Amino acid sequence: MPELPEVETIKQDLKERIVNKQITSVLLSKKAIIKNKRIDFIKEIKNNKFTDILRIGKLIIFVLASKKYMLVHLKMTGQLIYQQGKDIIAGGHPEPDLEKLPNKFTRIIFEFKNGSKLYFNDIRRFGYMQIVDEVGLNEIKNKFGLEPIDKKFTFEYFQKIFENKNKSIKVALMDQDKIAGIGNIYASEICFEAKIKPARKAKNLSIKELKALYLASKKVLQVAIKNRGTTFSDYVDATGHAGYNISFLKVYDRKGMKCKRRDGGIINKIILGGRGSFYCPKCQK
DNA sequence: AACTCAACCTGGCGGC
DNA sequence: TGCCGCCAGGTTGAGT
């Protein structure tokens, strides 16, 4: 579910809290998805600690003191929730509420020496965890394209991805091998920001349009990160109410509603790459 | 090689 | 406490 901005937010929040805390145990429910042998996974984690947390695209990388790496992918419905007494921070899928932990969707629990806990919840069980060594990490890292927020993400790099491509720009934006971190929500948002229809073939964009799309991809992600993600939920108090940040999305999931631009029309929904895609037929050309 | 699409899994919601 | 079909912010392998 989460895209780059949401994953970045939870990464930052967790990093502030769990780095260098001794892990006393890890509990795996029967429905947890672990790509290693369970016994190996537990052995690597127990009595170890995370010295840093990194991210590439939508993949979170927990650096272990043992120089191995625990990869976490939240996919559609994964959540990471850290609880230290009444201080609870949560990132990822916003449902269900966090009144009680663990709940029926809790798949993995890490326990730290100071009594705090990290929960991995996942309704649909697409998300996973995996421990790899340096070589394995590099293999995986190499599969990702540059992120739009990366300094090396130049217009020339962007242009090359789109030239001669027969697929729609929206689908091209989501190709993680080429551009890391854009998912189904932000792909629609980026096309809206650039005022270009998401169904346009990548190879048919003019230089001017490509430039607009390039700038939009950077801007949309940067703004989203600044806003701590789209539906990122933040809990300061276990008894507090769920405080989802107000959505600032402009087109996603707004089918039939009025475009937020003054000269806009009614938002339309089409399917591209098998996914719902939203755009304004009037202000997006 | 490039591209499309169903499949993975589970719950929520709208329509009937 | 109705049932059914569709949809869901991701990735990937099989098929064309």
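Everything numeric here is computed off the predicted structure, so don't read it as measured data.
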OP1 or OP2 of [N] versus the side-chain N and O atoms of [X]: is any pair under 4.0 Å?
| X | N | answer |
| --- | --- | --- |
| A:His73 | C:dG10 | no |
| A:Lys58 | C:dG9 | no |
| A:Gln176 | C:dG10 | no |

Exercise. Any donor-acceptor pair under 3.5 Å joining the side chain of A:Arg124 to the base of B:dC9?
Worked result: yes
Does [X] reach a base, just sugar-phosphate, or nothing at all? Heavy atoms under 4.0 Å.
| X | value |
| --- | --- |
| A:Lys31 | sugar-phosphate |
| A:Gly183 | sugar-phosphate |
| A:Lys269 | sugar-phosphate |
| A:Lys104 | sugar-phosphate |

For this session: Output yes when a side-chain donor or acceptor of A:Gln284 lies under 3.5 Å from a complementary backbone atom of A:Cys191, and no otherwise.
Result: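 Indeed, once roles are kept as given, a pair shorter than 3.5 Å links the two residues.
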Exercise. Can any side-chain N or O of A:Asp133 pair as donor or acceptor with the backbone N or O of A:Val135 at less than 3.5 Å?
Worked result: yes
With respect to the side chain of [X], which nucleotide from [options] is positioned closest?
| X | options | answer |
| --- | --- | --- |
| A:Glu3 | C:dG9, B:dT10, B:dC3 | C:dG9 |
| A:Tyr252 | C:dA8, B:dT10, C:dG10 | C:dA8 |
| A:Asn166 | B:dC3, B:dT10, C:dG9 | B:dC3 |

Using atom [atom1] of each nucleotide, how far apart are [N] and [M] to the nearest Å?
| N | M | atom1 | value |
| --- | --- | --- | --- |
| B:dG12 | C:dT11 | C1' | 23 Å |
| C:dG9 | B:dC3 | C1' | 23 Å |
| C:dC6 | B:dA6 | P | 12 Å |
| B:dG11 | C:dT12 | P | 24 Å |

Exercise. Would the number of heavy atoms belonging to other residues, nucleotides or ligands and lying under 6.0 Å from NZ of A:Lys141 be above 12?
Worked result: no
Short heteroatom pairs, N/O only, protein and nucleotides 14-16 of chain C, under 3.5 Å:
none

For this session: Decide, yes or no, whether a salt bridge links A:Lys37 with A:Asp40 under the criterion of side-chain N to carboxylate O below 4.0 Å.
Result: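 Salt bridge flag = no for A:Asp40 with A:Lys37.
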Exercise. Is the closest basic N to carboxylate O distance between A:Lys250 and A:Glu189 below 4.0 Å?
Worked result: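 Between A:Glu189 and A:Lys250 there is no salt bridge, as every charged N stays at least 4.0 Å from the carboxylate O atoms.
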Exercise. Between A:Asn48 and A:Lys68, do the side chains contain an N or O donor and an N or O acceptor separated by less than 3.5 Å?
Worked result: no
Problem set entry | Consecutive-pair stems (3 or more, Watson-Crick or G-U, under 3.5 Å) for DNA chain B | B:2-8 with C:10-16, B:10-16 with C:2-8
Exercise. Would A:Tyr69 and A:Phe50 satisfy side chain to side chain contact (heavy atoms under 4.5 Å, CB included), going step by step from the backbone distance to the final call?
Worked result: CA-CA 9 Å; A:Tyr69 304 88; A:Phe50 302 121; over 6 Å; no
Problem set entry | Cation-pi geometry met for A:Arg261 and A:Phe192 (6.0 Å, 45°) |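 A:Arg261 over A:Phe192 ring: yes.
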Exercise. Think A:Lys117 forms a cation-pi with A:Phe112, using NZ or CZ under 6.0 Å from the six-ring centre and within 45 degrees of its axis?
Worked result: no
Exercise. With stacking defined as ring centroids separated by under 5.5 Å and planes differing by under 30°, is A:Phe126 stacked against B:dC9?
Worked result: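 Not stacked: fails the 5.5 Å / 30° test.
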Problem set entry | Pairs touching residues 259-285 of chain A that satisfy ring pair (Phe, Tyr, Trp, His ring centres under 6.0 Å), sequence neighbours left out | A:Tyr252-A:Phe278
